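This report concerns only the one structure given below.
The structure presented is a predicted model; accordingly, all values stated were derived computationally and were not measured. No hydrogens, no waters, no symmetry mates; every other heavy atom, side chains included, goes into these values.
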Amino acid sequence: MSKAFRLTASTGVHKGDREYQQDRVALFSHPRFNGCVLGIVADGMGGRSGGRKASDQVLLTAQQLFERFSPDSDDGPTMLKHIVTEAHIVIRLTAISSEQEPHSTVAAFLITPRGECHWVHAGDSRIYHVQNGHMIQRTSDHSYVQSLVDRGELTEAEAHSHPHSNILVGCLGTESDPPAATHVISSLQPGDVILACSDGVWHYFAPTELASVVNSLTPREATEFLIDKARARARGTGDNLSLVIVKVEALEEQKKVPTLAELARPEGHSVGNHVPQR
């Protein structure tokens, strides 16, 4: 990104209609590198304590690895993949020691000071890239219905209401190694928005609707709107909700204040001290 920019952001989390909260969401600002941020959503599964332990571990692992990351010398996608693999290992160890079956999704994106954006995901928590109100890219769920869509056996609309839409084929904490699908945006531009959210949010919106909301509202306004609207559309049956939104905005160039010499030069006047005449 050649022009100066700023990031505005918001996070949101709500218990929805569940008895307990298993989602975790965070937006970390790097302690040493200005303009380097990590957004992350983790949707825990496995009972009240098990799911929360899993999503807690995802965020703890992410924070630790991010704070050691250097955008000048380290590889962003590698760091994101390490978040997935290391959190998965610890969740598996937790399962052995606690006799629970904790699992978690993950959707994480890294924005570097150079304006690059890298993301990784496993499960059905999603990341969306919106540009000036248009949906450019989203993650592809590691789910049973997504595999049917990929094979042409279901449309996106049919998958949305399929009775097995909550069955995952890949996430953290299972016996199999988790998927770690990555994507890169080489240069974010003013007007770009990155949205990461759990299925408790995206399930109730068409992609075009999400794009319109995050483009037209501030991140805080969009966060509140999406949670409220998802809650209303769930009609008492909604899941936990979590999301993080980052919007890229151009910095307005400061208006240059002309010097006295520049003001005087066009009219051919000299500049000096003015002594009032009596």
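For residues 80-93, the set of pairs meeting the side-chain hydrogen bond (donor to acceptor under 3.5 Å, both in side chains) definition, not counting sequence neighbours, is empty. For the ring pair (Phe, Tyr, Trp, His ring centres under 6.0 Å) condition, the pairs that include at least one residue of residues 199-243, sequence neighbours left out, are H160-W202, H160-H203.
When each of T237, L241, N240 is tested with R18 by the rule side-chain contact (heavy atoms from CB on, under 4.5 Å), just one qualifies, namely N240. A side-chain contact (heavy atoms from CB on, under 4.5 Å) with D192 is found for exactly one of E249, Q131, K247, namely Q131.
Remark: T11 pairs with no residue by the side-chain hydrogen bond (donor to acceptor under 3.5 Å, both in side chains) rule, at least two apart or across chains. Qualifying ring-ring contact (aromatic ring centres under 6.0 Å, His included) partners for H142, counting only residues two or more places apart in sequence or in other chains: H121. With sequence neighbours excluded, the residues satisfying salt bridge (charged side-chain N to carboxylate O under 4.0 Å, His left out) with E209 are R233. Partners of D17 under the salt bridge (charged side-chain N to carboxylate O under 4.0 Å, His left out) rule, at least two apart in sequence or in another chain, are R231.
In this model, a donor atom of one side chain and an acceptor atom of the other lie less than 3.5 Å apart for S242 and D23. A side-chain donor-acceptor contact under 3.5 Å links T218 and E221.
Under the 30°/60° scheme for interplanar angles, the aromatic rings of H30 and F33 are found to stand perpendicular.
In terms of heavy atoms, I111 sits closest to C117 at CG1-SG, 4.2 Å.
Using a 4.5 Å heavy-atom threshold, the side chains of L172 and V84 count as touching.
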